Amino acid sequence: MDTALLIEKLNQNHALTKSEALQLIREGAEYKDKLFALAQRAAQQSFGRNIFVRGLIEFTNYCKNDCYYCGIRRSNKNAARYRLTRDEILECCRAGYALGFRTFVLQGGEDYTYSGDDIAAIVRAIKQQHPDCAVTLSIGERSRETYKLWKEAGADRYLLRHETADFNHYAMLHPAELSAANRQSCLYTLKELGYQAGAGFMVGSPYQTAENLADDLMFLQKLRPQMIGIGPFIPHHDTPFKDEPAGSVELTLVLLAILRLLFPHVLLPATTALGTLCPGGRVLGIKAGANVIMPNLSPQNVRGKYLLYDNKLHSGAEAAEALELLKKEVAGIGYKIVAARGDYTEESWTQG
Ligand code: SAH
């Protein structure tokens with residue numbers, strides 16, 4: 001089918017076969033104006049011109065894993081490691097609440113210094129102090145029992161990118177003790193337990209093919225997550241992938257638009273990695289259909305240490321306390337940042 005027609009069809013049916021996905025991944029850039037316009041319209045039908053913000057608290061950069069792409073992998077002896085205490089995390093939330101954040105995302109390496117009960121206690125304390133806020137966890141693969149414990153403690157959402165749906169490609173990015181099968185099964189568990197779950201992948205990770213990306217779109221259509229996080233791969237100088245090229249900003253934007261048309265209601269962030277590779281990248285993300293931004297709410301003294309990749313943004317409009325700057329940036333393209341939890345819903349979102 002002609003690619004322009006295929007885009008129209010996607011806009012109406014919100015579905016893609018694998019060969020259609022492959023065609024759009026290969027040829028989408030040539031039709032990007034059309035893709036972006038339709039994706040932006042779809043986002044506006046779901047969310048109006050509202051952008052949800054999430055306060056991102058990177059509470060530990062210790063990690064037991066050794067993912068080849070990641071700057072905080074356990075083998076990186078040059079990483080300056082830190083952990084936040086429960087009180088420090090609560091202080092971030094207090095500051096974030098005053099700024100207007102109503103979702104807090106606790107992200108970190110897989111750091112078992114925090115037991116399941118420790119995390120549950122932190123979640124409970126945040127929910128007690130801020131009952132009108134959502135708590136999102138993003139701390140990797142754990143058992144069903146632990147995910148259940150955290151859900152019962154009040155966690156609302158969980159971000160766990162599947163990274164790549166293809167089992168062989170997954171094995172090229174991770175050591176043997178990690179598997180795509182377990183990662184994917186965690187995502188199904190999280191959904192079953194009632195979390196709003198977020199999957200996602202890097203664009204342009206080493207060895208990635210267009211077919212891998214098409215498989216990612218197939219996997220997402222099966223899983224149907226409430227959130228999808230994608231961003232370009234960016235090399236980190238202390239990892240095995242230090243000499244690999246970064247992913248393409250253009251392909252990331254094309255994929256954001258495809259995802260928006262596939263999943264009109266999905267919560268779709270314009271990520272820090274996109275902003276890092278390209279000035280104004282987050283605004284471009286919104287123009288390609290994204291509706292979420294996650295500014296950094298970690299304490300100032302650790303912000304420069306959660307280095308997943310080189311030159312990771314953590315100041316300027318990326319910083320939570322610079323929300324005014326971000327508001328201006330999005331106002332420049334006719335959008336507004338709202339102080340709301342911004343939960344997943346299949347209704348059209350209007351500010352209540
Ligand atoms: N430990 C948590 C959080 C991981 S960090 C977990 O396992 O989910 C969040 C995301 O950053 C990862 O899922 C990965 O997709 C992304 N990331 C890591 N290293 C990266 C790099 N070098 N370039 C771009 N994105 C990266």
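Positions are given from 1 along the sequence. In listed order, ligands and their atoms are each counted from 1. It should be emphasised that the depicted structure is a prediction, and the values quoted were computed from it without experimental measurement.
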Spacing of CG belonging to N78 relative to CG belonging to L307, to within rounding of 0.5 Å: 11.5 Å
Structural part of P232 in contact with ligand 1, heavy atom criterion under 4.0 angstrom: backbone
Heteroatom distance test (Y69, ligand 1): nitrogen or oxygen, under 3.5 angstrom: yes
Nearest-neighbour protein heavy atom for atom 11 (O) of ligand 1, which is reported as residue plus atom name and distance: L308 CD1, 3.5 Å
Test of proximity, C70 against ligand 1: N or O pairs below 3.5 Å: no
Shortest protein heavy-atom distance from atom 22 (N) of ligand 1, along with the residue and atom involved: I234 O, 2.7 Å
Worked check of salt bridge (Lys or Arg N to Asp or Glu O under 4.0 Å) between E58 and R303: CA-CA 8 Å; E58 298 161 333; R303 253 182 223 177; over 6 Å; no
Donor-acceptor pair between Q44 and Y335 side chains, under 3.5 angstrom: yes
Sub-4.0 Å heavy-atom contact, G71 with ligand 1: no
Atom 14 (C) of ligand 1 protein-contacted, heavy-atom criterion under 4.0 angstrom: yes
side-chain contact (heavy atoms from CB on, under 4.5 Å) partner of L24, the single match among V254, I7, L213: I7
Ligand-residue contact atoms, ligand 1 with E163, heavy atoms, under 4.0 Å: 12 (C), 13 (O), 14 (C), 15 (O)
E88 side chain to T85 backbone, donor-acceptor under 3.5 Å: yes
R54 NZ/CZ over F101 ring centroid, <6.0 Å and within 45° of normal: no
Test: R142 cationic atom under 6.0 Å from Y112 six-membered ring centre, within 45° of axis: yes
Between CD1 on residue I72 and OG1 on residue T239, distance to nearest 0.5 Å: 12.5 Å
Distance filter under 4.0 Å to R161 heavy atoms, resulting ligand 1 atoms: 13 (O), 14 (C), 15 (O), 16 (C)
Heavy atom of S138, distance to ligand 1 below 4.0 Å: yes
Minimum-distance protein heavy atom relative to atom 25 (N) of ligand 1: M202 SD, 3.5 Å
F201 six-ring centre to R161 NZ/CZ under 6.0 Å and within 45° of normal: no
Contact partition for Q107 relative to ligand 1, non-hydrogen atoms under 4.0 Å: side chain
Within-shell test, R183 vs ligand 1, heavy atom, strictly < 4.0 Å: yes
Residue selection (non-hydrogen contact nearest atom 3 (C) of ligand 1) among G229, C186, G204, G108: G108
